[in-house]
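Heads up: the structure comes next, in C-alpha cells.
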There are 2 protein chains.
Amino acid sequence: MNGSRAEAAHHQLVADVFARACASRGVLEHVTGRWGTLALAALAEGPFRFNALRRKVDGVSEKMLAQTLQALERDGFVHREAEPTIPPRVEYSLTALGAEVAGRLRELIELVEGRVQEVEAARRAYDEAKSAVAR
Amino acid sequence: MNGSRAEAAHHQLVADVFARACASRGVLEHVTGRWGTLALAALAEGPFRFNALRRKVDGVSEKMLAQTLQALERDGFVHREAEPTIPPRVEYSLTALGAEVAGRLRELIELVEGRVQEVEAARRAYDEAKSAVAR
DNA sequence: CTGTATCCTCTCTGATACTG
DNA sequence: CAGTATCAGAGAGGATACAG
C-alpha cells in the first residue's frame, strides 16, 4: 500500500474487510488475540524456549501457549526449531513476516499504552455520567 | 509517558506489557476484538447510525454491536450523539483518540490483508508437513 | 523439557422477545 | 429506531495427569 493509491486503498480496505473478511479475520484474530499479542511481543525481543516464553508471558497456561504458538507457526509468523535430543530443546522465533506483524502490533500497543490515562479518564467520566442518570 | 521516549518506550513497553498488562490489555482487547476492529474500521469511513452500522458490519448481532459500541464509547474511542426525538436518532463517530487507534489498526489490517496469500501458503505447507509425519 | 489428553468452568455469542 | 432482557449453545481457557 503506497503513494497515490492511498484513497483507493482505503475504500478497498473497507470492501475487503467486509467482503473477504473470512480470510483475514481468522488470521487477525490469531495475531490480536489475548495470547497471540503477548507471544508476538515477547518473541519480538528475541528467540525463546517454551518454558522461558511461558515465564515471560505471565499468566498463560501450558495449553494456551502451545495452542497459540501452533496457530502462529501454522500462519507463518513463528518459526519452531526443535532439536531431537533428550530432553528436547525447542526454540521459537519470529519469521520475517512475523517480525513485520509484531512491529505493527507494537505500534498499536505503544499508542494504547501511551493513552491509557486518557482512556481511564474517559471511563471515569462515562461511569460518572451513567450513575448521575441513575440518580 | 511523554516527550522523547523512543528508546525508553520500547524497553518500558516490554516491562509494561507484562507488568501493567492489566491496564492496557483490557483496552487492547476492546480494540482488537472481533467486533471492535470492524466497528472502528467502519467508523473510520465516517459517522453512522446504529442500524446503518449494523448493516455495514455484516454478521454482527444487535446485542454484540450495542455491547461493542458501549465498550468503545466508555474507553473514549467512540462518540455517541443521541437526539432525544421519537423515533430516536443516534449517531456514532470516532473521537480524535479513536481515529488514531483506527489508523494504527488499519495499518495492521492492511499488512495482514496484503499477506493473506503468504499465510495461506504457510498453512498449506504446515498441514502438508503434518500429514506427512502422520504417514 | 516439551508437549498432548481430559475434564470442567465460565465467558462470549446469537436468537428471540420485549421496552421506550 | 435504538436498544435491553433472557436463555441456551459453542468455544475459550485453566487444572491436572500423563506421554515421548
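Per chain, numbering begins at 1; letters A, B, ... match sequence-line order. Hydrogens, waters and symmetry mates play no part in the numbers below; they use all other heavy atoms, side chains included. Bear in mind that the values here come from a model prediction, so they are computed numbers and not experimental data.
With rounding to the nearest 0.5 Å, the separation of NE2 in B:His30 from CZ in B:Arg25 is 13.5 Å.
In this structure, of D:dG14, C:dG3, C:dG14, it is D:dG14 that holds the atom nearest to the side chain of A:Ser61. Taking the side chain of B:Phe50 as heavy atoms from C-beta on, and the options C:dG3, D:dG14, D:dG3, the nearest nucleotide is D:dG3. Of the candidates D:dA2, C:dT4, C:dT13, the closest approach to any side-chain atom of A:Ala66 belongs to C:dT4.
Atom CG of B:Leu65 is separated from atom P of D:dA2 by 10 Å (rounded to the nearest Å). If you take CZ of A:Arg54 and P of C:dT2, they are 11 Å apart, rounded to a whole angstrom. The interatomic distance linking B:Lys63 (NZ) with D:dG9 (P) rounds to 14 Å, in whole Å. Straight-line distance from the CD atom of A:Glu29 to the P atom of D:dA10: 19 Å, rounded to whole Å. The CG atom of A:Leu69 sits 11 Å away from the C1' atom of C:dT2 (whole-angstrom rounding). In this structure, the CE atom of A:Met64 is 19 Å from the P atom of C:dT2, given to the nearest Å. Rounded to an integer number of Å, the gap from A:Arg55 CZ to C:dT2 C1' is 13 Å. Summarising the geometry, the separation between CZ on A:Arg34 and C1' on D:dG14 is reported as 10 Å, rounded to the nearest angstrom.
Residue A:Gln70 has a polar side-chain atom (N or O) positioned under 4.0 Å from OP1 or OP2 of C:dT4. In this structure, B:Tyr92 does not reach the D:dC1 phosphate: none of its side-chain N or O atoms is under 4.0 Å from OP1 or OP2. Of the side-chain N and O atoms in A:Arg80, one or more sit less than 4.0 angstrom from OP1 or OP2 of C:dG3. Applying the 4.0 Å criterion to OP1 and OP2 of C:dT2, one finds that A:Arg49 has a side-chain N or O inside that range.
When each of A:Pro88 and A:Glu62 is assigned the nucleotide of DNA chain D bearing its nearest heavy atom, the one mapping closer to the 5' terminus is A:Glu62. For the pair A:Pro87 and A:Gln67, nearest-nucleotide mapping onto DNA chain C gives the more 5' position to A:Pro87.
Residue A:Glu83 is classed as having no contact, given no heavy-atom separation below 4.0 Å to the nucleic acid.
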Starting from the C-alpha separation in whole Å, work towards a yes-or-no answer on side chain to side chain contact (heavy atoms under 4.5 Å, CB included) for B:Arg80 and B:Leu69.
CA-CA 9 Å; B:Arg80 180 178 181 275; B:Leu69 287 172; over 6 Å; no

Given B:Glu81 and B:Arg89, is the salt bridge (charged side-chain N to carboxylate O under 4.0 Å, His left out) satisfied, shown in steps?
CA-CA 8 Å; B:Glu81 190 72 38; B:Arg89 177 191 178 85; over 6 Å; no

Derivation and outcome, salt bridge (charged side-chain N to carboxylate O under 4.0 Å, His left out), residues B:Arg115 and A:Glu100
CA-CA 11 Å; B:Arg115 304 304 193 87; A:Glu100 279 190 77; 2.6 Å; yes

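Residues B:Pro88 and B:Arg49 come closest through the heavy atom pair O-NH2, 4.1 Å.
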